[in-house]
Every structure is written in C-alpha cells, then in structure tokens.
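Here the structure is a predicted model, which is why all the values come from computation and not from measurement.
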Amino acid sequence: MDWSSFWGVLWYTLVIFAFIAYLIVLFMILSDLFRDHKLSAGWKVVWIVALVIFPYLTAFVYILARGQGMTERSHAAAVAAARSQEQYIQHAAGQTSPAHQIATAKSLLDAGVVSQEEYEVLKSKALAA
C-alpha cells in the first residue's frame with residue numbers, strides 16, 4: 001500500500017468502503033435466509049455456498065431474485081418487534097383496558113374508598129384514554 005500518494009490513500013479508502021458495504025449486504029442476506037421459513041434447507045445451503053464461492057455475483061443475484069420477499073420479511077419482522085415492544089411497555093406500565101379501569105374504579109366506589117364524584121372522574125379518564 002502506497003501511503004505517500006493521494007491516489008493510493010483514496011484507492012485504499014474505496015476498497016475498505018466496498019468491503020464494509022459487502023459485509024453489510026452479506027449479513028442482510030444471511031439474516032433473510034434464516035428468517036425465510038418457506039425456503040427449504042437445501043436452497044439455503046446452496047445460497048450460502050454460492051455466497052462463499054462467488055460473493056459479489058451471488059449477492060447481486062440474490063437481491064435481484066429475492067429482493068421483494070426480503071423487503072416483506074424485513075417489514076414483517078419490524079412490525080412484530082414494534083408490536084412486541086408496545087405490549088411489553090403497556091404491561092410494564094400497568095396500562096389496562098378502559099373496561100378494567102372502570103371495573104377497578106367501581107370496586108373502589110363499592111368499598112367506600114372513593115366518592116361518587118371521584119368515581120365519575122376516574123370513569124371519564126378511562127373512557128378518554
């Protein structure tokens with residue numbers, strides 16, 4: 001590597017950039033292969049072996065051939081992760097359904113813990129949520 005010239009450094013930078021870009025694409029393809037439950041194990045092995053033997057060509061062919069499905073699987077995984085995160089946050093925060101909140105407020109009213117006015121306020125807050 002010739003570090004003394006501008007063009008040598010620029011070439012080295014471009015090679016490193018291309019290598020890192022390829023690694024990102026490779027990991028995206030591998031994660032998509034393992035995420036796809038419809039593709040048989042034999043075809044997964046063929047894709048992986050092809051990625052090892054002809055890395056750039058196979059990556060381009062994979063993206064062209066299976067890119068749409070790759071996008072759909074990635075989107076489905078992101079939606080599932082977001083839904084799971086929302087459910088966890090609601091569970092951790094103790095948020096419940098409005099019907100459950102009203103039932104809890106009614107039980108507090110029946111027990112004499114809250115007054116009728118406080119019950120109406122709790123009920124309106126539950127219905128507003």
With the side chain counted from C-beta on, respond yes when Leu51 and Leu30 share a heavy-atom pair under 4.5 Å apart, and no when they do not. yes
Thr58 side chain to Pro55 main-chain N or O, any donor-acceptor pair under 3.5 Å? no
Please tabulate, one pair per line, all N/O donor-acceptor pairs under 3.5 Å involving side-chain atoms of residues 74-84, not counting sequence neighbours.
none

Sequence neighbours left out, cut at 3.5 Å: what donor-acceptor pairs do the side chains of residues 40-49 make with other protein atoms?
| residue | atom | partner | partner atom | Å |
| --- | --- | --- | --- | --- |
| Lys44 | NZ | Leu33 | O | 3.3 |
| Lys44 | NZ | Asp36 | O | 3.0 |

Run the side chain to side chain donor-acceptor pair (under 3.5 Å) test against Gln87 and tell me which residues pass, sequence neighbours left out. none
Just wondering, do Gln101 and Leu127 contact through their side chains at under 4.5 Å, heavy atoms? no
Show me the pairs that pass ring pair (Phe, Tyr, Trp, His ring centres under 6.0 Å) and involve residues 14-33, at least two apart or across chains. Tyr22-Tyr56
I'd like to check the side chain to side chain donor-acceptor pair (under 3.5 Å) partners of Glu117; sequence neighbours left out, ordered by chain and number. Ser115
Not counting sequence neighbours, which residues clear salt bridge (Lys or Arg N to Asp or Glu O under 4.0 Å) with Lys106? List them please. Asp110
By the salt bridge (Lys or Arg N to Asp or Glu O under 4.0 Å) test, which pairs, at least two apart or in different chains, include something from residues 9-35? Asp32-Arg73
For Ile63 and Met28, what are the C-alpha separation, side-chain angles and deciding distance, and is it a side-chain contact (heavy atoms from CB on, under 4.5 Å)? CA-CA 10 Å; Ile63 291 171; Met28 288 177 61; over 6 Å; no
Joint hydrophobic cluster, Ile24 plus Met70, side-chain heavy atoms closer than 4.5 Å: yes
According to a 4.5 Å side-chain heavy-atom criterion applied to Ile, Leu, Val, Met, Phe, Trp and Tyr, with indirect links allowed, do Ile29 and Ile53 form part of one hydrophobic cluster? yes
Glu118 and Val113 have their tightest heavy-atom pair at OE1-O, 4.4 Å
Please tell me if the side chains of Gln116 and Leu109 come closer than 4.5 Å, counting only heavy atoms from C-beta onward. yes
With hydrophobic residues grouped by side-chain heavy-atom distances under 4.5 Å, do Leu108 and Val121 end up in a single group? no
Can you name the residues that form a side chain to side chain donor-acceptor pair (under 3.5 Å) with Tyr119, not counting sequence neighbours? none
Output all residues satisfying side-chain contact (heavy atoms from CB on, under 4.5 Å) with Ile16, sequence neighbours left out; order by chain, then residue number. Tyr12, Ile20
Looking at every heavy atom in both Pro98 and Ala126, which two are closest together, and how far apart are they? CB-O, 3.4 Å
Which distance, rounded to the nearest 0.5 Å, do you find between the OG of Ser31 and the CG of Leu26? 9.5 Å
